[in-house]
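Following: one structure in structure tokens, then a few remarks.
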Amino acid sequence: MNTQETKYIYQQLGIEETVLEFGNRIIDQLKDRFSDIDDTAEFNQLKVIKAMQECKVSDVHFSGSTGYGYNDLGRDTLEEVYAKIFRAEDALVRPQITCGTHALALALSSNLRPGDELLSPVGKPYDTLESVIGIRKSPGSLAEYGVTYRQVELLEDGTFDYEGIKKAIHDKTKVITIQRSKGYQTRPSFSVTQIGELISFVKKIKPDVICMVDNCYGEFVERIEPVEVGADMAVGSLIKNPGGGLAPIGGYIVGKKACIEQAAYRLTSPGLGKEVGASLGVIPSFYQGLFQAPTVVASSLKGAIFAANIYEYLGYSVIPNGTESRHDIIQAVTFGTPEGVCAFCEGIQAAAPVDSFVTPVPWEMPGYDSEVIMAAGAFVQGSSIELSADGPMKPPYAVYFQGGLTWQHAKLGILMSLQKLIDKQVISKSQMVL
Ligand SMILES: *Cc1c(COP(=O)(O)O)cnc(C)c1O
């Protein structure tokens with residue numbers, strides 16, 4: 001399927017012909033899956049264009065503001081566009097929201113008050129939220145402000161423990177946090193429909209409870225988003241899916257007007273809310289990134305499915321497996337050894353357009369409870385919608401792989417990871433017969 005020239009440049013980049021041929025045979029088997037992904041991308045692309053048209057996005061929205069940022073039309077219109085795309089009453093989309101954790105901390109801390117309880121009905125939340133909530137003792141945590149926390153584990157098979165959830169909800173339960181993506185865990189990610197079922201169940205028990213979905217890595221993977229199935233807030237990072245690789249910073253919260261208002265007063269100040277917050281020069285990249293996000297997400301998904309099928313074939317445990325439907329762009333591969341995790345990450349790094357010459361090593365990271373190895377040769381620091389991989393250095397020694405602004409780059413990265421595993425003799429070439 002590749003021409004001689006293409007094969008030759010792969011070789012120059014360090015990919016042996018056997019590795020390329022093996023990869024290509026796997027891709028041959030994925031044609032139908034890839035076509036479904038393109039269909040979803042088409043739908044989501046149209047959804048984004050329609051929202052931009054309805055909000056009359058125009059040249060005047062790209063100029064930005066300074067100082068207080070009063071009447072920043074570009075910023076305010078972008079928030080309208082987000083609200084339309086996510087079918088929400090309102091949105092807060094700001095460069096002042098520094099990352100996904102910040103957006104989640106903001107959504108939670110602004111909607112909870114001392115004496116309230118936060119419940120996670122889907123087990124342990126993302127590592128960095130442990131400090132936000134105060135599961136791990138932390139200055140400034142919700143726990144320090146008198147917000148209590150409870151969590152209900154998932155059942156063995158990764159489904160919701162409805163019985164346990166019912167018991168955990170009481171009159172102090174104010175906010176429920178549901179993480180769509182698996183994050184650094186080996187549980188399945190949830191579909192938007194599953195999340196909707198959980199929200200309906202919870203609202204039947206306590207109608208006024210605020211349901212927040214941590215939407216990180218989930219945007220544009222499906223045709224519907226959490227607010228459409230009853231979430232009061234959906235929260236995410238602009239250096240993941242919705243920034244399309246172009247947003248250099250930022251986070252968003254979409255949802256009920258009352259919830260967004262609380263978040264805005266917390267982000268800036270009581271009395272000021274959404275009225276202030278200069279967008280400086282970054283707003284055009286937010287628009288352009290959002291415009292590209294559906295196809296960027298499609299590229300990432302193809303990469304994830306390609307990786308799943310390669311490593312499943314080679315005998316590793318992969319989540320999701322090679323044939324499962326997708327609810328986020330993360331692919332977990334369990335190598336079982338530190339060597340496997342490191343070799344995989346070295347391959348991803350070596351395939352990058354930026355910093356391909358450096359070797360990633362495991363390191364302490366703020367907010368994480370073990371050393372983490374991270375591979376990222378990204379244009380935007382730490383951007384994980386760009387091809388990237390990270391693995392906490394603890395059992396089961398799984399690597400979490402995501403992103404890829406283009407499918408062609410994702411393909412190269414995965415082939416390179418395989419090449420490194422072969423070079424380090426973690427995998428032998430004789431395993432690659434198809
Ligand atoms: C990435 C992520 C976060 C945190 O986002 P940062 O931008 O890294 O702070 C939270 N939850 C999930 C599920 C994530 O994937």
Side-chain angles (χ1 to χ4, degrees), residues 93-109 118 120-133 135-136 138 140-142 151 154 175-192 194-195 212-221 225-226 231 233-245 247-253 267 286 289 293 297 300-301 304 319-320 326-332 363 365-369 372 374-376 378 380-392 398-403:
V93 186
R94 302 282 166 130
Q96 286 83 10
I97 302 177
T98 56
C99 61
T101 305
H102 185 190
L104 289 157
L106 183 62
L108 291 173
S109 61
L118 170 67
S120 171
V122 296
K124 193 185 92 61
Y126 195 75
D127 276 20
T128 57
L129 282 196
E130 291 187 18
S131 305
V132 172
I133 295 167
I135 301 170
R136 193 170 34 233
S138 216
S141 68
L142 290 171
Q151 113 189 4
L154 294 169
V175 177
I176 291 198
T177 176
I178 303 167
Q179 186 179 310
R180 178 170 172 183
S181 162
K182 70 177 90 59
Y184 281 153
Q185 284 169 283
T186 45
R187 61 130 163 121
S189 293
F190 306 123
S191 70
V192 175
Q194 279 175 300
I195 290 172
M212 181 195 85
V213 175
D214 174 351
N215 209 22
C216 284
Y217 289 130
E219 301 91 347
F220 301 122
V221 171
E225 297 289 342
M233 285 188 282
V235 183
S237 162
L238 297 199
I239 63 166
K240 293 180 180 172
N241 306 15
I249 191 172
Y252 78 89
I253 307 173
L267 174 65
F286 285 14
V297 168
S300 303
L301 281 171
I319 299 178
R326 298 274 154 168
H327 310 301
D328 64 24
I329 62 166
I330 302 188
Q331 181 61 47
W363 211 257
M365 293 285 301
Y368 296 91
D369 67 359
V372 182
M374 296 199 163
V380 172
Q381 186 197 94
S383 165
S384 47
I385 187 60
E386 297 185 52
L387 191 68
S388 50
D390 19 50
V399 73
Y400 297 81
F401 156 85
Q402 67 272 311

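One-based numbering along the sequence shown. This structure is a prediction, so every number in the text was calculated from the model and none was measured. Values below: every heavy atom of this structure, side chains too, minus hydrogens, waters and symmetry copies. Note that ligands are numbered from 1 as they come in the structure, with each ligand's atoms numbered from 1 the same way.
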Per-atom contacts, ligand 1 versus Gln179 - under 4.0 Å to a heavy atom = 13 (C)
Atom pair CG (Asn241) and CD1 (Ile385), whose distance is rounded to the nearest 0.5 Å | 4.5 Å
Specify side chain, backbone, both or neither for Ile330, according to which of its non-hydrogen atoms lie closer than 4.0 Å to ligand 1.
-> neither
Tell me which protein heavy atom sits closest to atom 7 (O) of ligand 1, plus the residue, atom name and distance to 0.1 Å.
-> Gly100 N, 2.8 Å
Pick one of side chain, backbone, both or neither for how His102 approaches ligand 1, counting any non-hydrogen atom pair under 4.0 Å.
-> neither
Side chains of Leu104 and Pro125: does their closest heavy-atom pair fall under 4.5 Å?
-> no
Among protein heavy atoms, which lies nearest atom 11 (N) of ligand 1, and at what distance?
-> Asp214 OD2, 2.6 Å
Which one holds for Thr101 and ligand 1: side chain close, backbone close, both close, or neither close, with close meaning a heavy atom under 4.0 Å?
-> both
Judged by modelled atom types alone, do Gln194 and Arg180 share a side-chain donor-acceptor pair under 3.5 Å?
-> no
Close side-chain approach of Lys182 and Pro320, heavy atoms under 4.5 Å | yes
Only one of Asp214, Val235, Val213, Ile178 forms a side chain to side chain contact (heavy atoms under 4.5 Å, CB included) with Pro226, so which one is it?
-> Val213
For atom 8 (O) of ligand 1, grab the closest protein heavy atom and report residue, atom and distance to one decimal in Å.
-> Lys240 NZ, 4.2 Å
Any chance you could lay out the side chain to side chain donor-acceptor pair (under 3.5 Å) test for Tyr126 and Thr101, step after step, and finish with the verdict?
-> CA-CA 9 Å; Tyr126 195 75; Thr101 305; over 6 Å; no
Close-contact set for ligand 1 against Tyr217 heavy atoms, below 4.0 Å = 15 (O)
